[in-house]
Colleague: 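Pasting a structure below so you can have a look.
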Amino acid sequence: MMTEISLHVLDIVENSTKAGAKLVRIGVAVDHTADSLTVTVDDDGAGMDEAQVARVTDPFYTSRTTRKVGLGVPFFKYAAEITGGTFCITSQKGVGTKVEARFVLSSIDCIPLGDIGATIFTLVICHQDTDFVYTYGCRGAEGMKAFTLDTRELREILGGVPFDEPDVSAYIKDYLRENKEEVDGQGPI
Amino acid sequence: MKTLEELRAIRDRMQGQVGLRSEDDTHTRVVVGMATCGIASGARPVLTTLSDLVQQKHLTDKITVTQTGCIGLCQYEPIVEVMEPGKPKVTYIKMNAEKAAEILERHLIGGHPVEKYTLASANL
């Protein structure tokens, strides 16, 4: 079991990169008025056919050959559904895959979001050939706030300077942390 | 809000300083297992510690920190593999951030594998 929602996000996006995705859209939307946290991962990887999609939430299905179990997707589904939330995976061969998980925030079984910044940072630094568009949003009594990190924008500004250059990676880390703090406003979730 | 302006300033400072990195035969590869098993047992802080330290110590031209899927030894995760050119692969098991920092100091910089954390020395 994962101890944070952000670890599930890391795990699920690893599937996207393994499926050869060039662009992965990751969304984390906290909605205090609807008591929900919704994670979406939308990639343009290899995609799956209907039969594969139907089996992917089965722990005894995996595309890998080292072992006969694959727990990433079933764990994520379970973590969302145990809170009273929902889980949905749709895919089209050759187009991509979309995963959406909705957690009920007030449920006692809802695991914390955790260090989502570390998850996004790890993905950006370790998959420099893949582009990520990460959006974090929070809706509270005062309205909706959000920010986006788009690696295509970073790449355009940086020219040939790699993301793991110390100054650049420190900037990315601070960008994720400071902007999340500002979006959260009335305190972290 | 932090803006992209700051990044432009960094780019202007960096340009010209950054040479093309080539992965030649003197490059050491450090690989962290990041499948479901690795992530669930704490691979994320291990990976960030290693990549942060390699950057801080300006070793990015000698050492590449990267990640892989399931290595097939889930019960020993988090696993870190060190592949130095011309030397046998060293597999470290049950890693955490502190042990990873020790490996960077003693093995990657010092040149001596930290035997007590290796798969080879584990009592299987």
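Proteins get letters first, then strands, A, B, ... in listed order; numbering begins at 1 in each. These numbers come from the heavy atoms of this one structure, side chains and all, not from hydrogens, waters or symmetry mates.
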Colleague: In terms of heavy-atom pairs under 4.5 Å, which option from Leu154(A), Thr17(A), Thr3(A) contacts chain B the most?
Modeller: Leu154(A)
Colleague: Is it true that Leu23(A) and Val13(A) fall in one hydrophobic cluster, defined by side-chain heavy atoms closer than 4.5 Å?
Modeller: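 They do not share one cluster, since no chain of ILVMFWY contacts under 4.5 Å joins Leu23(A) to Val13(A).
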Colleague: What about Tyr175(A) and Phe163(A), same hydrophobic cluster or not, with Ile/Leu/Val/Met/Phe/Trp/Tyr joined at side-chain heavy-atom distances under 4.5 Å?
Modeller: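 In one cluster with Tyr175(A): Phe163(A), yes.
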Colleague: Which distance, rounded to the nearest 0.5 Å, do you find between the CD of Glu4(A) and the CD1 of Ile39(B)?
Modeller: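 Rounded to the nearest 0.5 Å, the CD-CD1 separation comes out at 11.5 Å.
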Colleague: So, for Ile157(A) and Arg8(B), which heavy atoms are closest and what is the spacing to 0.1 Å?
Modeller: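 Smallest interatomic distance, heavy atoms only, reads CG2-CG, 3.6 Å.
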Colleague: Is any side-chain heavy atom of Phe147(A) less than 4.5 Å from a side-chain heavy atom of Lys2(B)?
Modeller: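 With C-beta onward as the side chain, the pair stays apart.
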Colleague: Considering only heavy atoms from C-beta outward, does the side chain of Cys126(A) approach that of Met34(B) to under 4.5 Å?
Modeller: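 Sidechains of Met34(B) and Cys126(A): no contact.
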Colleague: Is there a chain of hydrophobic side chains (I, L, V, M, F, W, Y, each step under 4.5 Å between heavy atoms) that links Val31(B) to Leu10(A)?
Modeller: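 Different clusters.
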Colleague: Hydrophobic cluster membership, with links at side-chain heavy-atom distances under 4.5 Å among I/L/V/M/F/W/Y: are Val104(A) and Ile111(A) in one?
Modeller: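 Hydrophobic grouping puts Val104(A) apart from Ile111(A).
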Colleague: Is the shortest side-chain N to carboxylate O distance from Arg13(B) to Glu165(A) below 4.0 Å?
Modeller: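 Looking at Glu165(A) together with Arg13(B), the answer is no, because their closest N to O distance does not fall below 4.0 Å.
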Colleague: Of all the heavy-atom pairs spanning Thr3(B) and Tyr171(A), show the shortest one and how long it is.
Modeller: O-OH, 2.6 Å
Colleague: Working to the nearest 0.5 angstrom, can you tell me the gap between Ile125(A) CD1 and Gln67(B) CD?
Modeller: 11.5 Å
Colleague: Could you check if a side-chain atom of Gln56(B) sits within less than 4.5 angstrom of a side-chain atom of Pro166(A), using non-hydrogen atoms only?
Modeller: no
Colleague: So which atom in Leu47(B) and which in Thr122(A) form the shortest heavy-atom distance, rounded to 0.1 Å?
Modeller: CD2-CG2, 3.1 Å
Colleague: As an exercise, state the distance from CD1 of Ile12(A) to OG1 of Thr36(B), rounded to the nearest 0.5 Å.
Modeller: 7.0 Å
Colleague: So for Asp174(A), is it side chain, backbone, both, or neither that comes closer than 4.5 Å to the heavy atoms of chain B?
Modeller: both
Colleague: At a 4.5 Å cut-off on heavy atoms, which part of Thr48(B) comes close to chain A: side chain, backbone, both, or neither?
Modeller: side chain
Colleague: Can you tell which part of Leu7(B) gets under 4.5 Å to a heavy atom of chain A, answering side chain, backbone, both or neither?
Modeller: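 When you check distances to chain A, atoms from both the backbone and side chain of Leu7(B) fall under 4.5 Å.
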Colleague: Tell me if the NZ atom of Lys18(A) is crowded by more than 12 foreign heavy atoms within 6.0 Å.
Modeller: yes
Colleague: Find out whether Asp52(B) and Phe121(A) are in side-chain contact, i.e. whether some heavy atom of one side chain is under 4.5 Å from a heavy atom of the other.
Modeller: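 Yes, close enough: below the 4.5 Å cut-off.
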Colleague: Does some side-chain heavy atom of Asp115(A) sit less than 4.5 Å from a side-chain heavy atom of Arg44(B)?
Modeller: yes
Colleague: Can you confirm whether Glu50(A) is buried at CD, in the sense that more than 12 heavy atoms of other residues, nucleotides or ligands lie under 6.0 Å from that atom?
Modeller: no
Colleague: Could you tell me whether Lys89(B) atom NZ has more than 12 heavy atoms of other residues or ligands within 6.0 Å of it?
Modeller: no
Colleague: Under 4.5 Å heavy-atom distance to chain B, tell me which part of His8(A) shows up: side chain, backbone, both or neither.
Modeller: neither
Colleague: Roughly how far apart are Ser41(B) OG and Met2(A) CE, rounded to 0.5 Å?
Modeller: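 Answer rounded to 0.5 Å: 8.5 Å.
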Colleague: Same hydrophobic cluster for Leu149(A) and Val133(A), using side-chain heavy-atom links shorter than 4.5 Å among ILVMFWY?
Modeller: no
